[in-house]
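Since the structure comes first, as C-alpha cells, the remarks are kept for the end.
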Amino acid sequence: MKIVLFGTNEFSLSVLKGLIDNHFEVVACVTQPDKVNGRNGKISFSPIKNFCLDNGIPVYQFKNLNLEGEAVLKAYNPDIFITASFGQIIKQNILNIPKLGTYNVHASLLPKYRGAAPIQRAIMNGEKYTGITIMQTELGLDAGDMFLKKQIEILDDDTFSSVFNKLSTLGAECIVEFLNNFDTLKSKGEKQNDSLSTYAKMLTDNDYLINFNNTSINIFNQVRALENCYFIYNAKRYKVKACKPNIMHGKAGEILACNGKIGLIISTADTSIEIITIHPEGKQPMPAKAFMNANKFRQGDIIENS
RNA sequence: CGCGGGGUGGAGCAGCACGGCAGCUCGCAGGGCUCAUAACCCUGAGGUCAUUGGUUCAAAUCCAAUCCCCGCAA
C-alpha cells in the first residue's frame, strides 16, 4: 500500500513514525514551506521535513499544492493519502488522486472541535474528554465520514503539551489500526451529525491575553490550554506558563500578594490565581516566587487588560 | 541589515546617563527565640560583574569587538 503523508508538526511526525514502525510504505511526504526565524534570519524546517531528510523519504513543499502538486503526486501512483495537521486546504483534484481515498487524523472527538485548534479549544472550554477521529478528508472543514474514534481523559493537571503528546501517540495508534482493518472500518463509516458540530477557531493574540475579569477556572483552563498566555503590568509583558486557582479574593486584577515567600497571587472575578511560573520579557521562564524577590510588583496594584 | 530586552555570589534583581569600598530580596550554614505564623532575631560562607582588547591613577560603570539567552513582529 503506497502512502503519501501530508503533515507539518510533531503530531504529524508521530503519525508518520507510527506508519513506518508498522511497516507501511510511505513513498513521500508533503509539508509546509520552510519558515524564516526573524530574529536571526535562520530558516527552520518542519519536523516532517527533518525526519524525511534524515530517512531518505522524498519530501515536497508546494507553494500552491493544488496547482503544482497534482502531476508530481500522481506519478507515485499512490493508494492512500493521510493528512495530519497539514495546515493547508486540499482541493478535490488532489483528494481524488489516491485509489483508496484520502483520510485525516483529527485531534478531537468529531463532530466537536472541527478546525485549526481542537486541542487548545477543548482544554480552554474545560472539557473532560477529547480524542482522535480518523475520517474522510473532504473539502468541507473536518466534516467527512468517521471511521474510528478513540477518547482520552483530560485531567486537571493536563496542559496543551501533555494532551498534545498523548494525542500524538494515540493518533499514530489509530491510523495504524485503521489501515490494518481498512475494509471493515471503511464499510462502517459514520456520518457526522452536523447539528452537534462545533468549530475550534484558529487562535489569535486576543486568546492569549489574560482577562482578570474572568473566573479563576476559566483563566486556569486558558493558561494550561495555551501555555503562553500573558498579562501586561507597568508596560511590560509577563507570560504565565503555569498557574493554579487560589482561595483569596479582592478586586479583579488586584495584586494580592507578591513576595518571595508566597509568590504572586492576583485576584480574578470570583477568587484568585496563584502564578506558578512566569516569563518576563527578555528573561527565561522562572518560578514566580523567584521573580518576586526582585520587587518589581506592588501589592494592591490593579492589573488592567488594555 | 525588521524592532526591542538581557548576561552582576546558588536563585531573582539593583547599581551603569555622572568611573571611586560589591548592594537588595531570597536560599544555604551555624546560633538564638516562639504555643503559634508568609514566623522572627543574630552571625557566617559564597563574586574572574558573559568574553577579549582599549582609555584611565582607578572600570560592573566609558570605547571597540565577540559569544550566549529571551520578548515582539513574521
Side-chain angles (χ1 to χ4, degrees), chain A residues 7-12 30-50 61-65 85-89 115-117 120 159-161 201-212 216 219 222-251 253-268 271-306:
Chain A
T8 305
N9 61 13
E10 301 287 349
F11 178 84
S12 323
V30 180
T31 192
Q32 296 267 26
D34 300 332
K35 287 193 173 157
V36 180
N37 179 339
R39 196 195 298 152
N40 54 20
K42 282 184 182 158
I43 292 173
S44 62
F45 296 166
S46 74
I48 287 287
K49 178 167 177 178
N50 280 324
Q61 299 166 284
F62 300 109
K63 238 180 256 164
N64 187 325
L65 165 69
S85 273
F86 179 48
Q88 285 179 26
I89 303 232
Q120 293 93 330
T159 62
F160 170 75
S161 301
K201 275 185 301 195
M202 200 181 292
L203 298 162
T204 67
D205 181 67
N206 201 45
D207 289 309
Y208 288 85
L209 179 62
I210 294 173
N211 181 348
F212 289 100
S216 298
I219 294 172
Q222 178 190 12
V223 165
R224 63 200 187 101
L226 304 180
E227 294 183 324
N228 269 313
C229 296
Y230 68 95
F231 62 86
I232 299 202
Y233 177 61
N234 285 344
K236 291 216 165 61
R237 178 185 286 240
Y238 295 94
K239 286 188 178 183
V240 177
K241 310 295 272 191
C243 69
K244 68 181 177 192
N246 185 284
I247 201 164
M248 295 171 75
H249 183 43
K251 288 171 65 179
E254 181 182 357
I255 296 172
L256 299 174
C258 53
N259 59 59
K261 297 281 190 185
I262 307 182
L264 176 58
I265 296 176
I266 301 171
S267 185
T268 63
T271 51
S272 61
I273 55 167
E274 176 186 351
I275 311 295
I276 312 278
T277 309
I278 195 166
H279 186 179
E281 285 181 19
K283 305 288 187 179
Q284 301 280 8
M286 66 185 85
K289 285 179 181 172
F291 189 62
M292 288 304 110
N293 282 326
N295 270 328
K296 304 265 189 187
F297 283 54
R298 207 171 68 230
Q299 192 167 339
D301 279 1
I302 306 284
I303 296 171
E304 312 282 353
N305 47 300
S306 49

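In the text below, chain A, chain B and the rest are named by the order of the sequence lines, each starting its count at 1.
Comparing the C1' positions of B/C69 and B/U43 gives a spacing of 37 Å, expressed to the nearest Å. Atom P of B/G4 sits at a distance of 29 Å from the matching atom of B/C49, rounded to the whole Å. B/A73 and B/C62 have their C1' atoms separated by 33 Å, given to the nearest Å. Nucleotides B/C70 and B/G44 have their C1' atoms positioned 36 Å apart, rounded to a whole Å. Using atom P as the reference point in both B/C72 and B/G30, the two lie 44 Å apart (nearest Å).
Interatomic distance, CD1 of A/I48 versus CG of A/N9, reported as 8.0 Å (0.5 Å rounding).
The neighbour count for A/N64 CG, taken as heavy atoms of other residues, nucleotides or ligands under 6.0 Å away, is above 12.
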Under 3.5 Å, which N/O atoms of the protein pair with N/O atoms of nucleotides 65-69 of chain B?
unit_1: B/C69; atom_1: O2'; unit_2: A/Q284; atom_2: NE2; d: 2.2

Pairwise N/O distances under 3.5 Å, protein to nucleotides 33-43 of chain B:
none

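In this entry B/G27 has no Watson-Crick or G-U wobble partner, no candidate having both defining distances under 3.5 Å.
Atom CE of A/M292 and atom P of B/C24 are 21 Å apart (whole Å).
Nearest nucleotide to the side chain of A/N293, out of B/G2, B/C26, B/C13: B/C26.
Distances shown here put every side-chain N or O of A/R39 at or beyond 4.0 Å from the OP1 or OP2 atom of B/G2. Phosphate contact (OP1/OP2 of B/U25, side-chain N/O of A/K296, threshold under 4.0 Å): absent. For B/C72, the OP1/OP2 oxygens have a side-chain nitrogen or oxygen of A/K239 closer than 4.0 Å.
The aromatic rings of A/Y238 and A/F291 are tilted relative to each other, their planes meeting at an angle between 30° and 60°.
The closest side-chain heavy-atom distance from A/N246 to A/I273 is not below 4.5 Å.
Nucleotide B/A17 is shown with a syn base, its glycosidic torsion being within 90° of 0.
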